[in-house]
Amino acid sequence: MKELSTAQDLSSYIDFAAHEGKEITLVGQIQNLRVLAWGGFVILRLPNYLVQCVADATKINMPLAELKPEATVRVSGTLVKANIKDVAMWPREWEVSIASIEVLSMPSEEALPVDTTKKELSCDLSTKFDYRPLTLRHPRERAIFRIASTVYNEFGEALARLGFTRICSPKIVYSGAEGGANIFKLSYFERQAFLAQSPQFYKQMMVGVFGRVYEQGPVFRAEEHDTSRHLNEYISLDMEMRLENGFEDIMQVEAAVLKSIFERLQRECAPELALLGVTAPSIDKIITVTFAEAHQIVLDQTGRDCRGEKDLDPEEERVVCDYAKKTWGTDFVFVTHYPSVKRPFYALDDPANPDTTLSFDLLFRGIEITTGGARMFRYEDYLRKMKARDMNPQLFESYLQAFRYGMPPHGGLGLGLERLVAQICGLANVKEASLFPRDRKRLEP
RNA sequence: GGGGGCGUAGCGAAGCUGGUUAUCGCGCCGGCCUGUCAAGCCGGAGAUCGCGGGUUCAAUCCCCGUCGCUCCCGCCA
């Protein structure tokens, strides 16, 4: 038996200022190497740093030329002041003056398939994904996923502060939530099951328990779309809450959560944002336009009359966003009151106009990142709506239990993590905001 | 499900109204360089031009097919 210490500091945080002038030992992978006649530089990649180390050829224990990018090394030396210009580096005020280097591992290939030492990764999307274990090591790729990590964490933490309870619903399910046909089938012992395309039913059931819940997890869509804004598996940031005043409550909570996310990005991800050349957006006001007003904006701005249509197409969403930016100075527009026919059966119709629903989409820089709205909460309403849509209530037995036993007025939303991150980072394709994207063609790596 | 574009060394690209020794940058290999920061300089190796067929004296280039990638629409987050 061996007992390990529970007292040691397990943090990867390094207090560089406190180490100045002192001995320091770092284990990291070589991001880049610059060998000069007098010695050279080793850029070391650590969990959340990129540290420059400098070597004097006459003092170091081995020639730098024997090293190569992606070798894992243990560097010992002294932390000294430096002035580093490269914005990919962090920190930039200190470097390690190397005393010795020990090689722990070397890449087995003579040459790496893509060059990760340059400012930009110059390769096609498919190449980038084919070599994901390598390409993700590039500083810009790391920056994207440090930002994604922060967005994911703050979504949960901001909601938790507002009294929401985190839930984890099953991803193996008995029936398809939205009623759509685009659901992955799965063999489950002697029966057939499905991969959840949304935690919708479970988060509604859980509103009957906690009143305010959230979930962050993967959802699966078997849609054959093949575009720069779709994935077949993505991370859905979901919440569901009792409504005190109206479906506007949902938008207010979402705006508050987004605001909190962007402020935290500014505080904690400044180097990553700078590296990507972007700034965190801000959401200081909540701008809403109705679906009908959105069509009017498109008509006024472009002359295209789409007022009869039941949805906004991507081009119209871009027009509405451009208009909102120009007119109200905002990157975010909530479009409310979508037609009932375009919304799932559980959407709550607007009593003032039953052809529309008390629902919304949130558009961010030209793309829709959220769909949300109020849900029906009376059992009879579900039976009526399901009958009208030729749905068999018996197939939704366990879901409908919640309403049979009584439910408060409630609503919620789903936010696509990759879409949000892609828009923050200015990425052309959502897949770039996914570590290992799953699309129509890709199941690997 | 429908439509557009692209496949040329490990990576990214140029070339083509048909005839070249198929070009450039990065990476790789060798040499040089006292502070680099997308380091720099000199030299070298590396490509049956995605695959199959056709037209032609001649195809990387034109045509047909096929496979792969990418973008857009529908649908969605």
Side-chain angles (χ1 to χ4, degrees), chain A residues 31-43 50-58 64-65 68-70 80 82-89 92 95 97 107 109-131 134-135 138-140 178 180-182 197-198 200 218-238 309-317 338 342-344 361-364 367-372 413-423 428-431 433-434 439-442:
Chain A
Q31 183 68 46
N32 199 185
L33 200 57
R34 296 188 196 101
V35 183
L36 295 91
W38 54 269
F41 298 90
V42 177
I43 312 301
L50 224 42
V51 180
Q52 175 163 285
C53 306
V54 58
D56 179 334
T58 62
L64 282 192
K68 46 187 180 178
E70 294 311 323
V80 298
N83 181 17
I84 298 163
K85 296 172 205 154
D86 185 353
V87 295
M89 302 293 297
R92 305 219 290 277
E95 65 185 5
S97 176
E109 318 276 314
E110 184 164 85
L112 299 171
V114 274
D115 185 2
T116 53
T117 69
K118 293 291 181 276
K119 201 176 201 168
E120 314 222 8
L121 254 188
S122 67
C123 63
D124 290 341
L125 264 193
S126 62
T127 308
K128 186 187 270 192
F129 297 142
D130 284 344
Y131 297 105
L134 209 217
T135 55
H138 185 94
R140 290 198 185 200
E178 316 276 325
N182 303 324
Q197 60 181 180
S198 161
Q200 183 62 34
V219 294
F220 307 89
R221 304 279 166 99
E223 288 151 8
E224 303 243 4
H225 42 43
D226 189 11
T227 79
S228 62
R229 44 179 210 292
H230 288 97
L231 289 159
N232 291 292
E233 174 179 349
Y234 69 92
I235 302 296
S236 185
L237 305 177
D238 271 274
E309 290 173 22
K310 297 299 182 193
D311 209 348
L312 291 177
D313 64 36
E315 176 58 27
E316 294 172 293
E317 291 179 345
Y338 277 77
K342 293 301 290 184
R343 293 280 153 157
D361 275 8
L362 175 58
L363 308 184
F364 173 32
I367 196 169
E368 114 192 29
I369 60 166
T370 284
T371 291
L413 59 83
L415 170 62
L417 174 66
E418 292 85 349
R419 283 194 179 179
L420 175 58
V421 171
Q423 293 306 89
N429 192 319
V430 256
K431 291 169 193 167
S434 176
D439 63 27
R440 183 68 186 85
K441 311 275 180 60
R442 185 174 293 275

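Values reported hereafter were calculated over all heavy atoms of this structure, with side chains retained and with hydrogens, waters and symmetry mates removed. Source: prediction; values computed, not measured. We name chains A, B, ... by the order of the sequence lines, and we start the count at 1 in each one.
Nucleotides B:rA59 and B:rC75, compared at atom C1', are 43 Å apart to the nearest Å.
Residue contacts for A:Asn83: at a heavy-atom cut-off of 4.0 Å it reaches a base atom on one of the strands shown. Across all strands shown, A:Lys342 has heavy atoms under 4.0 Å from sugar-phosphate atoms exclusively, and none from any base. Within the nucleic acid shown, A:Ala111 comes within 4.0 Å of sugar-phosphate atoms alone, with no base atom in reach, counting heavy atoms only. Across all strands shown, A:Glu315 has no heavy atoms under 4.0 Å from either base or sugar-phosphate atoms. The residue A:Asp226 sits close to a base: some heavy atom pair falls under 4.0 Å. Across all strands, A:Thr371 comes closer than 4.0 Å only to sugar-phosphate atoms, never to a base (heavy-atom distances). Using a 4.0 Å heavy-atom distance criterion, A:Val35 is classed as a base contact. Using a 4.0 Å heavy-atom distance criterion, A:Leu36 is classed as a base contact.
Inspection of the A:Tyr234 and A:Arg419 side chains reveals no N or O donor paired with an N or O acceptor under 3.5 Å.
Checking the phosphate oxygens (OP1, OP2) of B:rG27, a side-chain nitrogen or oxygen of A:Lys118 falls inside 4.0 Å. Within the 4.0 Å cut-off from OP1 or OP2 of B:rG12, at least one side-chain nitrogen or oxygen of A:Thr127 is found. Proximity of A:Lys85 to the phosphate of B:rA38: no side-chain N or O atom is located under 4.0 Å from OP1 or OP2. Between A:Asn429 and B:rC71, a side-chain N or O to OP1/OP2 separation shorter than 4.0 Å is present. For A:Ser122 and B:rG25, the shortest distance from a side-chain N or O to OP1 or OP2 is not below 4.0 Å. A close approach under 4.0 Å does occur between a side-chain nitrogen or oxygen of A:Arg229 and OP1 or OP2 of B:rC73.
Out of B:rG12, B:rC69, B:rG74, the shortest distance to the side chain of A:Cys123 is found at B:rG12. The side chain of A:Ile84 has B:rU36 as its nearest neighbour among B:rC33, B:rU36, B:rA77. For A:Gln52, the listed nucleotide lying nearest its side chain is B:rU36; candidates were B:rG1, B:rU36, B:rA77. For A:Asp124, taking side-chain heavy atoms from C-beta onward, the closest of the listed nucleotides B:rC75, B:rG12, B:rU70 is B:rG12.
The CG-C1' distance, from A:Leu125 to B:rC6, rounds to 13 Å in whole Å. Look at NE2 on A:His138: it is 13 Å from C1' on B:rC26, rounded to the nearest Å. What separates CG of A:Asp238 from C1' of B:rC76 is a distance of 14 Å, to the nearest Å. The separation between A:Leu312 atom CG and B:rC75 atom P is 11 Å, rounded to whole Å. Rounded to an integer number of Å, the gap from A:Leu362 CG to B:rC76 P is 17 Å. Rounding to whole angstrom units, CG of residue A:Leu112 and P of B:rG27 are separated by 12 Å. Rounded to whole Å, atom P of B:rG35 lies 15 Å from atom CD1 of A:Ile43. Between the P atom of B:rC76 and the OH atom of A:Tyr338 lies a distance of 10 Å, rounded to the nearest Å.
Put simply, the residue from A:Leu417, A:Leu420, A:Val421 that forms a side-chain contact (heavy atoms from CB on, under 4.5 Å) with A:Ile235 is A:Leu417. Shown are A:Gln31, A:Arg92, A:Glu95; of these, the side chain to side chain donor-acceptor pair (under 3.5 Å) with A:Gln52 is made only by A:Glu95.
By the 5.5 Å and 30° criteria, A:Phe41 is not stacked with the base of B:rG35.
Remark: the A:His225 side chain and the B:rC75 base include no donor-acceptor N/O pair separated by less than 3.5 Å. Between the side chain of A:Arg419 and the base of B:rC76 there is at least one donor-acceptor pair of N/O atoms closer than 3.5 Å. Judged by atom type and distance alone, A:Glu95 reaches the base of B:rG35 through a side-chain donor-acceptor pair under 3.5 Å.
For the pair A:Asp439 (side chain) and A:Arg442 (backbone), a donor-acceptor distance under 3.5 Å is present.
Within the shown strands, B:rC73 is the pairing partner of B:rG1 under the Watson-Crick or G-U definition, both distances less than 3.5 Å.
Summary of the strand contacts: A:Glu233 and A:Val87 both lie near RNA chain B, and taking for each the nucleotide with the nearest heavy atom, the more 5' one is attributed to A:Val87.
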